[in-house]
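Notes to accompany the following structure.
Chain A is the first sequence line, chain B the second, and so forth, proteins listed ahead of strands; every chain is numbered from 1. Note that the structure is predicted; figures quoted are calculated from it, not measured.
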Number of protein chains: 2
Amino acid sequence: MPHEVEREALSRYLEDHKLKQTKQREAILDVFLEVTGHISGDELFRRVRERHPHIGFTTVYRTMKIFCEAGLAIERTFEDGLTRYEIPHEHHDHLVCVRCGRIVEFECSMIESAQDRIADEYGFRLLRHRHELYGHCTDCQGR
Amino acid sequence: MPHEVEREALSRYLEDHKLKQTKQREAILDVFLEVTGHISGDELFRRVRERHPHIGFTTVYRTMKIFCEAGLAIERTFEDGLTRYEIPHEHHDHLVCVRCGRIVEFECSMIESAQDRIADEYGFRLLRHRHELYGHCTDCQGR
DNA sequence: ATAGATGCAAATGTTTTGCAGGAAA
DNA sequence: TTTCCTGCAAAACATTTGCATCTAT
C-alpha cells in the first residue's frame, strides 16, 4: 500500500473535522505524492485527469486546500503568480531558473537568523517569509 | 514645476523610443510621484481618476509599464498577488504586516552576499531576488 | 498625413463559488 | 437520511487586448 503514512494522516484529519473519506481525495493524494518538486494546480489537475478522467479541476483545487490545512501539502507562489504545491519537508527557500522554470531548494541558517534580527529591529513579530532567487541555471546560461 | 527631473527622464525615454508625449502620461507621472510607498494599479487608478476623471484604467496600466521600462517605477508583487509600484531608490527588501498591510523596507548586506554565495554554489547566474518577511507590526500585535 | 495613444468593451487565465444531483456516514 | 462532496457552469478578479477613434508629431 503506497503512501500509507500520508493516507492515515489524511484519514485522521478528515475524521477530526467531520469531513468525508472519498475516492477523489485518495486519488488526488496518490497523484500528488508521486510528484517530485513543485506542481501547479493546473498541472496537478492534468495528471490526476490522466488516471481519473471523471475528476474535475474544482475538486482538485478544493482538495489541495484541505491537504494544506492537514499539513500534507504546502502552497507556494513564485514570480509567475501560479499557485504551486510541494510536499512538506525541512524548511527551505528557492532558486528559480527564469528560462527553464527549474526550481532548486536551498537553506541558509545565516539568512534565517538575519531575518529574525531584522524583524526584531523593526518591531515585527515574524510569521513567515518568502525568499526567492531568480536567475539562469547552469544548463540555461549558454542560451 | 514639480518633478522636473522625472519629467525630463520620461521625455527623453519617449523620444528615444518614438513614443508620444501625452497629457495622460504627464498626469499619471505626477500622481505616481506623489505616492509615498507602494501603490497597487487599482489604487493608483483611483487617485489618477480623482484629478483626471477621463483617464481610463487601461491607460494607467499601460503607462506604468512604460514607466517601469523607463526606470521611473518598479513593479512589486506581495502575498496578495496585486501588482504594486514603487519609486526606485537604493536596493531593499520588505517587511509586510499581514494585519494592516503596512510595508517597511529593509536592507541587509550580509543577506545580499549570502545570496550571491548560494547562487554560486548551485551554478545559478543571479538576476534578481524577492525577499519578504511577513508578520505583525508593532501596532498590530495587541490584536 | 501618419504613427502612435486612448478608452471602452470584451477577453484572458487562474482560482473560487452556486447549485442540483450524488455519495459517505 | 442527513451531512457533506462533486462537477459543471458561471463568477470573480486583476490585468491585457481588440478596435474604432482621436491626437501628437
Side-chain angles (χ1 to χ4, degrees), chain A residues 7 10-29 31-32 38-70 73-85 101, chain B residues 7 10-29 31-32 38-70 73-85 101:
Chain A
R7 274 165 183 255
L10 178 58
S11 283
R12 231 174 299 125
Y13 180 86
L14 293 175
E15 230 169 274
D16 288 356
H17 294 257
K18 302 204 193 308
L19 301 175
K20 283 169 181 166
Q21 207 84 32
T22 66
K23 298 185 202 331
Q24 287 90 333
R25 286 173 182 169
E26 287 223 339
I28 294 168
L29 182 62
V31 175
F32 171 61
H38 306 73
I39 192 166
S40 67
D42 185 62
E43 172 65 16
L44 180 60
F45 165 63
R46 286 204 302 273
R47 292 207 200 168
V48 167
R49 195 119 247 209
E50 279 171 28
R51 269 191 261 165
H52 310 275
H54 55 97
I55 296 186
F57 62 90
T58 309
T59 304
V60 173
Y61 277 110
R62 278 193 286 228
T63 301
M64 291 313 294
K65 281 240 167 321
I66 292 177
F67 290 177
C68 288
E69 270 154 38
I74 292 178
E75 221 182 82
R76 300 265 185 195
T77 314
F78 300 104
E79 242 183 15
D80 63 7
L82 298 193
T83 301
R84 271 165 231 277
Y85 303 97
Chain B
R7 274 166 184 256
L10 178 59
S11 282
R12 230 174 301 125
Y13 181 86
L14 293 175
E15 229 167 277
D16 289 356
H17 294 256
K18 303 205 193 305
L19 302 176
K20 284 170 181 165
Q21 206 84 32
T22 66
K23 297 185 205 332
Q24 288 89 333
R25 287 174 181 168
E26 287 224 336
I28 294 168
L29 183 62
V31 175
F32 171 62
H38 305 73
I39 192 166
S40 67
D42 185 63
E43 173 65 16
L44 180 61
F45 166 64
R46 285 204 301 274
R47 292 206 200 169
V48 167
R49 196 120 242 212
E50 279 171 25
R51 268 191 262 164
H52 310 276
H54 55 97
I55 296 185
F57 62 89
T58 308
T59 303
V60 172
Y61 278 110
R62 277 193 285 229
T63 301
M64 290 314 292
K65 281 240 168 319
I66 292 177
F67 290 178
C68 289
E69 270 154 39
I74 291 177
E75 222 183 83
R76 299 265 186 194
T77 313
F78 299 104
E79 242 182 15
D80 63 6
L82 298 193
T83 301
R84 272 165 230 277
Y85 303 98

Just how far, in rounded Å, is [atom2] of [N] from [atom1] of [X]?
| X | N | atom1 | atom2 | value |
| --- | --- | --- | --- | --- |
| B/Asp80 | C/dT15 | CG | P | 15 Å |
| B/Met64 | C/dA5 | CE | C1' | 17 Å |
| A/Ile55 | D/dG7 | CD1 | P | 6 Å |
| A/His54 | D/dC5 | NE2 | C1' | 14 Å |

Check this one for me: any side-chain N or O of [X] less than 4.0 Å away from OP1 or OP2 of [N]?
| X | N | answer |
| --- | --- | --- |
| A/Lys23 | C/dA24 | yes |
| B/Tyr61 | D/dT16 | no |
| A/Arg62 | C/dT15 | no |
| A/Thr58 | C/dT17 | no |

NA contact type, A/Ser40, heavy-atom cut-off 4.0 Å: base, sugar-phosphate, or nothing?
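The answer is nothing, as A/Ser40 stays clear of every strand by at least 4.0 Å.
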
For DNA chain D, determine which residues of residues 10-22 of chain A have any heavy atom closer than 4.0 angstrom to one of its atoms, and list them numerically.
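Result for residues 10-22 of chain A: A/Lys18, A/Leu19, A/Lys20, A/Thr22, sorted by number.
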
Looking at B/Glu50 and B/Arg46, is any side-chain nitrogen of the basic one under 4.0 Å from a carboxylate oxygen of the acidic one?
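Salt bridge: no.
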
Could you tell me whether B/Glu69 and B/Lys65 have a side-chain N and a carboxylate O separated by less than 4.0 Å?
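No, this pair does not count.
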
DNA chain D: B/Tyr85 or A/Ile66, which has the more 5' nearest nucleotide?
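In this pair, the answer is A/Ile66.
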
